[in-house]
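Accompanying notes for the structure given below.
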2 protein chains.
Amino acid sequence: MLKLTKKADYGLMALKYLAEHPETPALSAKDVADAYGIPAQLLAKILQLLTRNGLLRSHAGMNGGYELARDAREISAYEVIHAIDGPFFITSCTKGDKNCDLTPSCTIKEPLARVNDTIAGVLKSISIQDLTEHEQPAGRAAEANRLVTLTL
Amino acid sequence: MLKLTKKADYGLMALKYLAEHPETPALSAKDVADAYGIPAQLLAKILQLLTRNGLLRSHAGMNGGYELARDAREISAYEVIHAIDGPFFITSCTKGDKNCDLTPSCTIKEPLARVNDTIAGVLKSISIQDLTEHEQPAGRAAEANRLVTLTL
DNA sequence: TCAGTATACGACCGATTCTGTCGGCATTTC
DNA sequence: GAAATGCCGACAGAATCGGTCGTATACTGA
């Protein structure tokens with residue numbers, strides 16, 4: 001539970017990889033898949049999804065492939081997850097959909113919706129760029145702290 | 001993805017219900033299940049799990065049932081989810097387990113582990129008591145803001 | 001113009017996980 | 001001892017997920 005799907009994982013990894021290779025004009029799905037040992041056809045579908053959602057630009061034909069549609073700083077982890085797995089809800093019945101099927105307007109949903117928003121906020125505050133800065137100098141000078149507000 | 005299981009939902013609802021009925025000595029699984037339209041046998045197993053993990057006290061026999069083992073303020077949503085669904089990881093391969101099965105030490109896990117911790121922190125900051133205070137006066141006077149720090 | 005490389009997309013199946021049920025047993029109260 | 005309740009393991013149906021296949025389409029370069 002509360003687990004990212006592998007697809008979302010793969011998508012994040014792929015975007016990170018693309019962000020780390022800005023010099024190359026485009027990388028094919030196979031390139032990225034090989035780099036990480038991901039099933040190529042599966043990754044291809046994921047990259048297509050990301051393209052459809054405007055996070056990547058694709059280019060067919062020889063020497064084709066994918067490139068980031070925006071600066072890595074401008075793409076959030078939230079967008080990636082949303083593009084791949086669809087709307088983001090931690091509870092099965094959130095008021096976005098039809099109302100809760102459980103009988104008496106299950107009152108627990110409302111506080112959990114706040115939690116949902118908070119988590120979404122955390123994911124929105126993380127960019128692909130952030131993912132690439134994984135090697136931390138021992139002094140931890142490069143760390144960034146972000147404050148997220150949870151309103152109950 | 002990133003969705004609570006129904007069991008965790010049910011568990012939270014049940015604890016909330018117990019917290020809202022402090023006067024009664026003990027409520028049976030059936031009582032709670034009927035109140036929410038949850039399958040009784042399923043809820044029973046969930047409550048047993050919560051008992052095993054020290055969040056509830058149980059009492060067999062007639063007029064038996066469950067009661068909170070601690071004050072509702074002292075039970076966090078995190079504990080409930082953890083008790084029901086087990087260890088909390090947003091990624092399938094977190095360094096807790098055997099290392100990532102994907103080939104080159106998939107570097108994305110490390111930043112995501114921070115996200116994981118942040119989300120866990122959010123859930124830890126929410127108590128069952130918080131869930132019961134769902135009706136907000138229009139003035140929003142009773143709201144509480146909590147700050148969560150995300151360290152990248 | 002043709003061959004090769006690449007994306008695009010839908011259908012499908014096997015595996016895993018989740019939800020819910022059943023049956024039997026233990027414990028307490030009346 | 002009977003009724004109510006918790007305790008526990010096994011299991012079946014359903015849903016979701018992961019991954020594959022086949023085919024169509026688009027672009028490039030010789």
Side-chain angles (χ1 to χ4, degrees), chain A residues 1-11 13-14 18 24-34 36-67 69 81 83-87 89-93 101-102, chain B residues 1-11 13-14 18 24-34 36-53 55-67 69 81 83-87 89 91-93 101-102:
Chain A
M1 52 39 187
L2 233 26
K3 198 165 285 185
L4 256 51
T5 59
K6 274 194 181 175
K7 288 185 192 173
D9 261 8
Y10 292 162
M13 290 163 69
L18 291 175
T24 59
L27 289 167
S28 73
K30 186 164 187 314
D31 290 338
V32 182
D34 288 351
Y36 287 111
I38 299 173
Q41 299 194 87
L42 179 55
L43 184 63
K45 278 206 307 194
I46 293 167
L47 296 183
Q48 285 156 27
L49 265 177
L50 294 174
T51 304
R52 237 180 281 162
N53 283 272
L55 305 185
L56 292 177
R57 269 193 302 268
S58 67
H59 195 55
M62 277 182 79
N63 302 317
Y66 298 89
E67 62 182 334
I81 296 172
I84 295 175
D85 286 337
F89 292 126
I90 63 170
T91 53
S92 24
C93 50
D101 52 334
L102 290 180
Chain B
M1 54 36 188
L2 233 26
K3 198 165 286 187
L4 257 51
T5 60
K6 275 193 182 177
K7 286 186 194 173
D9 261 7
Y10 293 161
M13 291 162 68
L18 290 175
T24 58
L27 288 167
S28 72
K30 187 163 186 316
D31 291 338
V32 182
D34 288 351
Y36 287 111
I38 299 174
Q41 297 193 89
L42 180 55
L43 184 64
K45 279 206 306 196
I46 294 167
L47 296 182
Q48 284 156 28
L49 265 177
L50 294 174
T51 304
R52 237 181 281 162
N53 284 270
L55 305 185
L56 292 178
R57 269 193 302 267
S58 65
H59 194 57
M62 278 183 80
N63 300 317
Y66 299 89
E67 61 183 335
I81 296 172
I84 296 175
D85 286 337
F89 292 127
T91 53
S92 25
C93 49
D101 51 335
L102 290 180

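Letters A, B, ... mirror the listed sequences (proteins, then strands); counts begin at 1.
Once rounded to the nearest 0.5 Å, the distance linking CG of Asp9(B) with CD1 of Ile38(B) reads 8.5 Å. Considering CG of Leu4(A) and CG of Leu2(B), their distance stands at 5.5 Å, rounded to 0.5 Å. Put simply, NZ on Lys3(A) and OG1 on Thr91(B) are 8.0 Å apart, with the number rounded to the nearest 0.5 Å. Residue Glu67(B) holds its CD atom at 10.0 Å from OG1 of Thr51(B), rounded to the nearest 0.5 Å.
The side chain of Arg52(B) approaches dC8(D) more closely than any other nucleotide in the set dC8(D), dG18(D), dA3(D). Which of dG29(D), dT7(C), dG18(D) sits closest to the side chain of Met62(A) comes down to dG29(D). When each of dC9(C), dG6(D), dT21(C) is scored by its nearest atom to the side-chain atoms of Pro39(B), the top-ranked nucleotide is dT21(C). In this structure, the nucleotide among dC7(D), dC22(C), dT19(C) sitting nearest to the side chain of Ser58(B) is dC7(D). Closest contact between the side chain of Tyr66(B) and the listed nucleotides dT21(C), dC7(D), dG18(D) involves dC7(D). When the nucleotides dT20(D), dG29(D), dT27(C) are ranked by their closest atom to the side chain of Ala60(B), dT27(C) comes out on top.
Interface remark: the Lys45(B) side chain does form a donor-acceptor pair with the dT21(C) base, using a distance-only criterion of under 3.5 Å.
Between Leu56(B) and Leu18(B) there is a side-chain heavy-atom pair separated by less than 4.5 Å.
Following rounding to the nearest Å, Leu2(A) (CG) and dT17(C) (P) show an atom-to-atom distance of 16 Å. Taking atom CG of residue Leu49(B) and atom P of nucleotide dC18(C), one finds them 13 Å apart after rounding to whole Å. Taking atom CD1 of residue Ile38(A) and atom P of nucleotide dT20(D), one finds them 12 Å apart after rounding to whole Å. For Ile46(A) and dT20(D), the CD1 to P distance is 12 Å, given to the nearest whole Å. If you take CG of Leu27(A) and P of dT5(C), they are 17 Å apart, rounded to a whole angstrom. Between Gln41(A) atom CD and dA6(C) atom P the separation is 14 Å, expressed in whole Å. The CD atom of Gln48(B) sits 15 Å away from the P atom of dA26(C) (whole-angstrom rounding). Atom CG in Leu4(A) sits about 11 Å away from atom P in dC17(D), given to the nearest Å.
Residue contacts shown for Lys30(A) are absent, as no nucleic acid heavy atom lies under 4.0 Å away.
Contact annotation: Tyr10(A) reaches the phosphate of dG19(D) (side-chain N/O to OP1 or OP2, under 4.0 Å).
Map Ala44(A) and His59(B) each onto its nearest nucleotide of DNA chain C; the residue landing nearer the 5' end is Ala44(A).
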